[in-house]
Amino acid sequence: MDNNNNKPQNQISLELKPEVAKGSYSNLAIISHSRSEFIIDFATTLPGIAKPEIGNRIIMTPEHAKRLMNALFDNISKYEAQFGVIDLGGKGPQGSTFNLADFGPLGGGGNKS
């Protein structure tokens, strides 16, 4: 009898290289898309620096972008349940920010208040 029957079948083994493990800071994301891909540029804008520098660019399919949105929604919901609602500090310029709760899982258009 095989003892691996209790092992989850969708496990992925990942390698995290030290230069990636340290991460990078971003406080600005610029998102664009075409029919076949989403492009997310992560940048850092700091006082005294005239031009934000893009530190990372992630390119993904629309399906993976939607999976990312769902994963963020799930994790933000769990974070807020544990630590309280994340305050975005009021309204910014039109289109500069949004509330993930307005979209709901799978982009289903949750209730707006």
Side-chain angles (χ1 to χ4, degrees):
M1 182 157 185
D2 187 5
N3 288 336
N4 291 329
N5 288 341
N6 294 331
K7 186 178 179 182
Q9 292 182 329
N10 291 334
Q11 274 190 335
I12 298 174
S13 177
L14 300 173
E15 179 181 346
L16 182 59
K17 295 180 180 179
E19 63 271 17
V20 175
K22 67 180 180 176
S24 59
Y25 179 76
S26 173
N27 58 4
L28 175 66
I30 298 108
I31 304 171
S32 56
H33 67 276
S34 68
R35 179 169 174 76
S36 58
E37 60 209 6
F38 276 73
I39 300 163
I40 309 171
D41 288 323
F42 293 95
T44 303
T45 179
L46 298 169
I49 297 177
K51 197 173 187 181
E53 181 180 319
I54 294 173
N56 292 291
R57 172 174 275 187
I58 304 297
I59 303 168
M60 59 181 57
T61 65
E63 295 83 5
H64 282 94
K66 196 163 191 177
R67 287 183 182 105
L68 174 62
M69 180 190 71
N70 289 334
L72 283 170
F73 179 83
D74 182 54
N75 278 269
I76 290 171
S77 296
K78 290 175 182 174
Y79 176 95
E80 289 185 331
Q82 184 174 357
F83 300 108
V85 175
I86 300 168
D87 181 14
L88 296 179
K91 296 239 179 210
Q94 178 100 20
S96 67
T97 187
F98 60 89
N99 183 352
L100 277 177
D102 290 344
F103 297 94
L106 302 175
N111 296 334
K112 291 188 176 185
S113 38

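The structure displayed is predicted, hence computed values, not measured ones.
- Both F83 and I86 are assigned to one and the same hydrophobic cluster, defined by single-linkage of ILVMFWY side chains at heavy-atom distances under 4.5 Å.
- The side-chain heavy atoms of T44 and N27, taken from C-beta on, include a pair separated by under 4.5 Å.
- The nearest pair of heavy atoms linking R35 to P62 is O-CG, 3.8 Å.
- Here the CG-CG distance, from N70 to N75, works out to 11.0 Å after rounding to the nearest 0.5 Å.
- Taking CG of D74 as the reference point, atom CG of L72 lies at 9.5 Å (rounded to 0.5 Å).
- At a cut-off of 3.5 Å, with distance as the only test, no side-chain donor of N56 or S26 sits close to an acceptor on the other residue.
- Both I58 and L68 belong to a single network of hydrophobic side chains, linked directly or stepwise wherever heavy atoms of I, L, V, M, F, W or Y lie under 4.5 Å apart.
- Residues L46 and L28 do not share a hydrophobic cluster, defined by chaining ILVMFWY side chains whose heavy atoms lie under 4.5 Å apart.
- To the nearest 0.5 Å, atoms CD (E80) and CG (D87) are separated by 10.0 Å.
- Under a hydrophobic-cluster definition in which Ile, Leu, Val, Met, Phe, Trp and Tyr are linked whenever side-chain heavy atoms come within less than 4.5 Å, directly or via other members, I39 and M69 are assigned to different clusters.
- Tracing side-chain contacts under 4.5 Å through hydrophobic residues (I, L, V, M, F, W, Y), one never reaches V85 starting from I76; they form parts of separate clusters.
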